[in-house]
There are 2 protein chains.
Amino acid sequence: MPLITYQTLHPGLSIDCVIFGFYQKEIKVLVLKLKNFEKWSLPGGFVDQTKDVDDEATNILKRRTGLKNVFLRQFHLFGDVKRNSDAHINALFNSKIIDNDSLIWFKQRFVTVGYYALIPFSPSQIFTPDNLSESCEWRSLKDIPEMILDHKEIIDSAHKTLKKELNYQPIGLNLLPEQFTMSELQAVYETILEKPLDRRNFRRKILNFAMLIPTKKQRVGGAYRSPYLYQFDLDKYHLALQNGLSSGW
Amino acid sequence: MPLITYQTLHPGLSIDCVIFGFYQKEIKVLVLKLKNFEKWSLPGGFVDQTKDVDDEATNILKRRTGLKNVFLRQFHLFGDVKRNSDAHINALFNSKIIDNDSLIWFKQRFVTVGYYALIPFSPSQIFTPDNLSESCEWRSLKDIPEMILDHKEIIDSAHKTLKKELNYQPIGLNLLPEQFTMSELQAVYETILEKPLDRRNFRRKILNFAMLIPTKKQRVGGAYRSPYLYQFDLDKYHLALQNGLSSGW
DNA sequence: ACAAAAGTGTTATTTCTACACCCATGC
DNA sequence: GCATGGGTGTAGAAATAACACTTTTGT
C-alpha cells in the first residue's frame with residue numbers, strides 16, 4: 001500500500017508550516033528529520049481534494065507533529081519552478097522514503113502554500129512525529145539545519161512576514177506562559193525584531209495598548225529582584241488581533 | 001483543437017488578477033465579460049508547468065487584457081472547496097465557452113492565487129481581450145457586476161489588502177499622471193481608505209515622506225484657482241516601496 | 001559588598017489632530 | 001460678486017526617543 005492515497009489529493013499542491021516558538025531569547029522553529037535522510041524539513045503535506053486548504057494546513061500540522069488547535073496564518077505561495085528538484089526526489093527514493101508507487105506523485109512539479117504560527121515553547125515538549133519522520137525538534141532560527149528544497153527560504157520569508165505583522169498586531173499570547181514579566185515580553189519583541197529596545201519606552205508603549213493586566217504577584221524564586229507578573233486581557237487581545245493596532249491613516 | 005493545451009498546465013491551480021485603477025474619485029476594477037455568458041470574471045488563467053507562478057500572473061494578464069509590464073503583487077491563495085461549482089462549469093459548457101475536450105479540465109477542483117496591481121486609468125483605454133471574452137472594462141468597485149465563482153470575494157480581499165498596505169507603502173505612482181496636484185493624490189487615499197482626510201494634515205504627512213518633488217508649475221485651464229503640480233521622486237519612491245514607510249518598532 | 005536584574009520619571013522632539021481664513025479663477 | 005477649489009499656520013495633545021538612579025535579591 002502506498003504511503004498516501006494519491007487519488008484523493010490535490011495534484012501539485014503542498015503545504016508547509018513554519019511553527020515559531022520562543023525560548024531563552026531565541027526564536028525557535030519546529031523542524032522534522034526524515035528517517036534515513038540527512039536533511040530536515042518543515043512539517044508539510046498535501047491537500048485533500050475535498051477539504052479547504054486552510055483547514056488542511058491545521059490537519060497536516062497535527063498529523064506530522066501531534067500539535068492540535070494551532071491557529072495558522074497563510075502568508076505566501078511559493079511557486080517558482082526551480083524550487084522543485086528531481087535530484088531531491090531521487091535522493092528520497094534512494095533512501096526508501098518514497099516507494100515506487102509514490103514516485104510519480106512526487107515527481108510532479110509542486111507549488112507550496114506557506115503557513116506560520118506561534119506556539120508555546122517548552123523545552124521538554126514531546127512531539128509525536130508521523131512514521132516517516134525520525135524526530136521533530138525545535139531549532140533556533142539562527143541555527144537551522146540543512147533543509148530540503150526551499151524550506152530555508154520559506155522559514156526566512158515567514159520570519160520577515162512576522163516582523164512586519166508586529167507593527168499591526170499584538171503578539172506574545174501564544175509564546176509566553178499565562179503570566180509573564182515585562183522583560184520576558186520585551187525579549188520576545190527584541191528577538192523577533194533582532195534589535196534592542198529601551199526598557200522604559202517599551203513598557204510605556206505596551207501598556208498604552210491596554211492589553212495587559214498587571215497582577216500584583218511577583219515571580220518567585222528567581223535570582224535578583226522579583227519582577228511583577230502580567231497577563232493578557234484576552235478580550236482586548238483578540239479584538240486587537242482582528243482590528244489591528246493603530247495603523248497610520 | 002482544445003482551447004488550451006492542458007497537458008502542459010499545472011493541474012488544479014489558477015491565477016486571478018485584480019487590477020485597480022482610479023478615476024473621478026472612484027476605484028475601478030478591470031473585469032472581463034465572457035462571450036454568451038451573463039456573468040463577469042477577473043482576468044485569470046492557468047499556470048504553465050515550466051513557468052514560475054509569479055511570472056505566469058504577468059503573462060496571463062497580458063494574454064487576457066493586453067496589459068504589459070504590470071507589476072503584480074501576490075496577496076492570497078483562495079483554497080476553499082466550495083469556491084468550485086459544478087453548476088458554474090456546466091453553465092459555461094452550455095454556453096459553449098468550454099468544449100467537450102476541456103470539460104474534464106475545468107471540472108477539477110481549483111485553487112486560485114490572487115494578485116493585484118495598480119495601473120493608470122484612462123477612460124478611453126482600449127483593451128485587447130482574448131477571444132473568449134466579449135469585452136474588458138473598468139467597473140467601479142462600488143458597482144461590480146455579477147461575477148463568476150468567488151471573484152467578488154477576491155476583489156474585496158484585494159481591496160482590504162490594499163487598504164492595509166497603504167500604511168507601509170507609498171502609492172499613487174501608477175495611478176496618477178506624471179504630474180498631479182495634492183488634491184488628486186489625496187483623493188486616491190480617500191477613495192481607497194473610504195474616508196475623508198484633512199487637507200492640511202494630509203499635505204504635511206505626505207510631504208514628510210520626502211517622496212514628492214514640488215514643481216513650480218500649476219495646472220492650467222482648470223476652473224478656479226490653479227493648483228501646484230507635484231511629481232514623485234522615483235528613487236525615493238522605489239526605495240520606500242522596498243523598505244516600507246515608518247513602521248512603528 | 002557586590003553583581004545582576006527590576007522598578008521608575010523627565011525632558012526635548014516629533015507627530016497628530018482639529019480647526020479658519022484669505023486667494024485665485026471662471027462664470 | 002459669488003461660488004468653488006486651493007493655499008497656508010497654529011495650538012494643544014499625544015507619542016517618541018534619549019537618558020540614570022535607586023531597589024531588591026542571591027551569593
Side-chain angles (χ1 to χ4, degrees), chain A residues 23-26 166-170 172 176-177 179-191 193-231 240 244-249, chain B residues 23-26 166-168 170 172 176-177 179-191 193 195-231 240 244-249:
Chain A
Y23 184 62
Q24 289 181 340
K25 307 211 173 187
E26 286 194 319
L166 222 50
N167 292 317
Y168 315 77
Q169 273 162 12
L176 294 169
Q179 301 202 333
F180 49 88
T181 69
M182 193 58 78
S183 292
E184 287 165 349
L185 183 57
Q186 182 176 340
V188 171
Y189 275 81
E190 288 182 330
T191 304
L193 294 168
E194 301 175 294
K195 70 177 181 188
L197 301 170
D198 181 88
R199 272 194 308 142
R200 287 161 289 186
N201 293 339
F202 177 80
R203 174 195 178 77
R204 183 177 13 237
K205 184 159 174 170
I206 285 286
L207 289 177
N208 272 350
F209 290 161
M211 284 178 340
L212 290 185
I213 302 168
T215 72
K216 283 292 160 202
K217 283 183 283 184
Q218 295 182 271
R219 161 117 336 141
V220 292
Y224 318 123
R225 179 172 182 173
S226 311
Y228 286 106
L229 292 169
Y230 294 82
Q231 59 189 41
L245 300 169
S246 65
S247 20
W249 285 105
Chain B
Y23 185 62
Q24 290 181 340
K25 307 210 173 187
E26 286 194 318
L166 222 50
N167 292 316
Y168 314 79
L176 293 169
Q179 301 202 333
F180 49 87
T181 69
M182 193 58 78
S183 292
E184 286 165 350
L185 183 57
Q186 181 176 341
V188 171
Y189 275 80
E190 289 182 331
T191 305
L193 295 169
K195 70 177 181 189
L197 301 170
D198 181 88
R199 272 195 307 145
R200 285 161 290 186
N201 294 339
F202 177 80
R203 173 195 179 78
R204 184 178 13 237
K205 185 159 176 171
I206 285 285
L207 289 177
N208 272 351
F209 291 159
M211 284 177 339
L212 289 185
I213 303 168
T215 71
K216 284 291 161 203
K217 283 182 282 183
Q218 295 180 271
R219 160 119 333 142
V220 291
Y224 318 124
R225 180 172 181 174
S226 311
Y228 286 106
L229 292 170
Y230 295 83
Q231 57 189 44
L245 299 169
S246 65
S247 22
W249 284 104

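Chain naming here is simple, since letters A, B, ... match the order of the sequence lines and numbering starts at 1 in each. Remember, it's a predicted structure, so these values are computed and weren't measured experimentally.
- For Arg203(B) and dC19(C), the CZ to P distance is 21 Å, given to the nearest whole Å.
- A straight line from CG of Leu207(A) to P of dA14(D) spans 17 Å, rounded to a whole angstrom.
- Put simply, CZ on Phe180(A) is 14 Å from P on dA6(C), counting in whole angstrom units.
- Where Asn201(A) and Ala223(A) each meet DNA chain D at their nearest nucleotide, the meeting point lying more 5' is that of Asn201(A).
- In terms of phosphate contacts, Lys205(A) brings no side-chain nitrogen or oxygen within less than 4.0 Å of OP1 or OP2 of dA15(D).
- Leu185(A) is listed as a side-chain neighbour of Leu212(A), based on a closest heavy-atom distance under 4.5 Å.
- Along DNA chain C, the nucleotide closest to Asp198(B) and the one closest to Arg204(A) are compared, and the more 5′ of them pairs with Arg204(A).
- Nucleic acid contact for Ser183(B): sugar-phosphate only, since backbone atoms but no base atoms lie under 4.0 Å from a heavy atom of the residue.
- For Ser226(B) and dA24(C), the shortest distance from a side-chain N or O to OP1 or OP2 is not below 4.0 Å.
- Considering only the side chain of Arg225(B), dG6(D) comes nearest among dG6(D), dA15(D), dA6(C).
- Residue Tyr230(A) contributes atom OH, which lies 12 Å from atom P of dA6(C) at whole-angstrom precision.
- The distance from atom CE of Met182(A) to atom P of dT24(D) is 19 Å, rounded to the nearest whole Å.
- Closest to the side chain of Arg199(B), from the set dC21(C), dT17(C), dA20(D), is dC21(C).
- Taking the side chain as every heavy atom from C-beta outward, Thr181(A) and Gln186(A) never approach each other to under 4.5 Å.
- The CD1 atom of Ile206(B) sits 15 Å away from the C1' atom of dT15(C) (whole-angstrom rounding).
- Side chain of Gln231(A) to backbone of Thr215(A): no donor-acceptor contact under 3.5 angstrom is found.
- Checking dA20(D), dG26(C), dA15(D) against every side-chain atom of Arg200(A), the shortest atom distance belongs to dA20(D).
- Trp249(B) carries Lys205(A) over the face of its six-membered ring, with the cationic atom under 6.0 Å from the centre and within 45° of the normal.
- Ring centroids of Tyr189(A) and Phe202(A) are separated by less than 6.0 Å, placing the two rings close together.
- When the nucleotides dT16(D), dG26(D), dT4(D) are ranked by their closest atom to the side chain of Tyr224(B), dT4(D) comes out on top.
- Rounded to whole Å, the distance from CG on Leu229(A) to C1' on dA6(C) is 12 Å.
- Between the CZ atom of Phe202(B) and the P atom of dT15(C) there is a distance of 17 Å, given to the nearest Å.
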